[in-house]
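See below for the structure under consideration.
In this text, all values refer to a predicted model and were calculated from it rather than measured experimentally.
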Amino acid sequence: MNIDVKKVKIVVTVPVENSEELRNAICDEGAGIIGNYTDCTIFTKCIGTFKPLSNANPYIGEKNKLEFVEEEKLEARCDINIVKRVLKRLREVHPYEELAIDIIPLIDEEDL
């Protein structure tokens, strides 16, 4: 089987109050296109945990204290040719100092 990855799924968590701005930013860069549809994304409510170390500059929470924060997990498909541009924009808009971004390669059905 020869698989040529043409699309990826970008997954990132974001504070609820920043989710729409982030979604708009990555879709404006070309993420979230499926066929004849644009702005195709998925949000899942979740709880994120983290403890900012003493040298961190946290957007939310206090240094050296375990935090539980309501977030949304944003998922969007992205053409492999523009993924770096979309990630650059995502990082510009996202409020967190450190991001956990998953980039998942997608397989086209015809490649199976």
Side-chain angles (χ1 to χ4, degrees):
M1 180 179 352
N2 188 11
I3 298 173
D4 182 23
V5 175
K6 297 176 189 135
K7 295 199 180 292
V8 297
K9 183 180 280 190
I10 298 171
V11 182
V12 64
T13 56
V14 61
V16 174
E17 65 269 13
N18 303 95
S19 61
E20 186 176 350
E21 179 186 14
L22 185 64
R23 188 196 70 75
N24 289 339
I26 67 169
C27 288
D28 288 348
E29 286 297 326
I33 296 174
I34 300 176
N36 293 322
Y37 294 82
T38 65
D39 297 85
C40 302
T41 62
I42 295 174
F43 284 110
T44 306
K45 298 270 186 204
C46 57
I47 302 294
T49 64
F50 59 92
K51 184 191 292 186
L53 299 177
S54 58
N55 58 344
N57 183 23
Y59 175 72
I60 298 172
E62 297 177 31
K63 294 180 181 186
N64 299 307
K65 179 183 173 201
L66 182 62
E67 300 290 343
F68 293 79
V69 177
E70 184 178 315
E71 296 177 304
E72 291 185 336
K73 180 169 55 171
L74 171 60
E75 301 180 41
R77 301 182 103 185
C78 184
D79 188 291
I80 196 78
N81 297 320
I82 64 166
V83 71
K84 286 189 176 184
R85 184 177 84 210
V86 170
L87 291 173
K88 181 179 184 284
R89 184 68 180 131
L90 185 153
R91 290 181 184 283
E92 290 171 353
V93 173
H94 202 294
Y96 287 172
E97 178 179 26
E98 301 288 347
L99 304 179
I101 301 169
D102 296 332
I103 303 167
I104 304 166
L106 300 176
I107 299 171
D108 289 334
E109 188 175 351
E110 59 269 8
D111 289 338
L112 298 176

* Closest contact, heavy atoms only, Pro58 versus Gly61 -> CG-O, 3.8 Å
* Who pairs with Lys9 by salt bridge (charged side-chain N to carboxylate O under 4.0 Å, His left out), at least two apart in sequence or on another chain? -> Glu75
* Asked: Between atom NZ of Lys51 and atom CG of Asn64, what is the distance when rounded to the nearest 0.5 Å?
  -> 7.0 Å
* If you link I, L, V, M, F, W and Y whenever their side-chain heavy atoms are under 4.5 Å apart, who else ends up in the same group as Ile47? -> Leu66, Phe68
* Hydrophobic cluster identity match, Ile82 and Ile104, side-chain contacts under 4.5 Å -> no
* **With sequence neighbours excluded, residues passing side chain to side chain contact (heavy atoms under 4.5 Å, CB included) with Lys84** => none
* Structure fact -> The ring-ring contact (aromatic ring centres under 6.0 Å, His included) partners of Tyr96 (sequence neighbours excluded) come to His94
* Structure fact -> For residues 5-24, the ring-ring contact (aromatic ring centres under 6.0 Å, His included) pairs (sequence neighbours left out) are none
* CD1 of Ile60 to CD of Glu97: how many Å apart, nearest 0.5 Å? -> 12.5 Å
* Pairs in or reaching into residues 2-45: which pass ring-ring contact (aromatic ring centres under 6.0 Å, His included), with residues at least two apart or in two chains? -> none
* Can you tell me if Lys63 uses its side chain to pair, donor with acceptor, with the backbone of Ala56 under 3.5 Å? -> yes
* Asked: What residues, two or more places apart in sequence or in another chain, satisfy salt bridge (charged side-chain N to carboxylate O under 4.0 Å, His left out) together with Asp102?
  -> none
* Would a hydrophobic clustering, with Ile, Leu, Val, Met, Phe, Trp and Tyr connected at side-chain separations under 4.5 Å, put Leu99 with Ile42? -> no
* Asked: Short question: side chain of Glu67, backbone of Glu62 - any donor-acceptor pair under 3.5 Å?
  -> yes
* **For Ile103, all residues meeting side chain to side chain contact (heavy atoms under 4.5 Å, CB included), sequence neighbours excluded** => Val8, Leu87, Ile101
* To do: Using the test salt bridge (charged side-chain N to carboxylate O under 4.0 Å, His left out), find all partners of Lys88 that sit at least two apart in sequence or belong to another chain.
  => Glu92
* Pairing residues for Asn81 by the side chain to side chain donor-acceptor pair (under 3.5 Å) criterion, not counting sequence neighbours -> Asp79
Side-chain donor-acceptor pairs of residues 10-33 under 3.5 Å, sequence neighbours excluded:
| residue | atom | partner | partner atom | Å |
| --- | --- | --- | --- | --- |
| Asn18 | OD1 | Tyr59 | OH | 3.4 |
| Ser19 | OG | Val16 | O | 2.9 |
| Ser19 | OG | Glu72 | OE1 | 2.7 |
| Arg23 | NH1 | Asp39 | OD2 | 3.3 |
| Asn24 | ND2 | Glu20 | O | 3.3 |
| Glu29 | OE1 | Arg85 | NE | 2.9 |

* **Non-neighbouring partners of Lys6 that pass salt bridge (charged side-chain N to carboxylate O under 4.0 Å, His left out), sequence neighbours left out** => Asp108
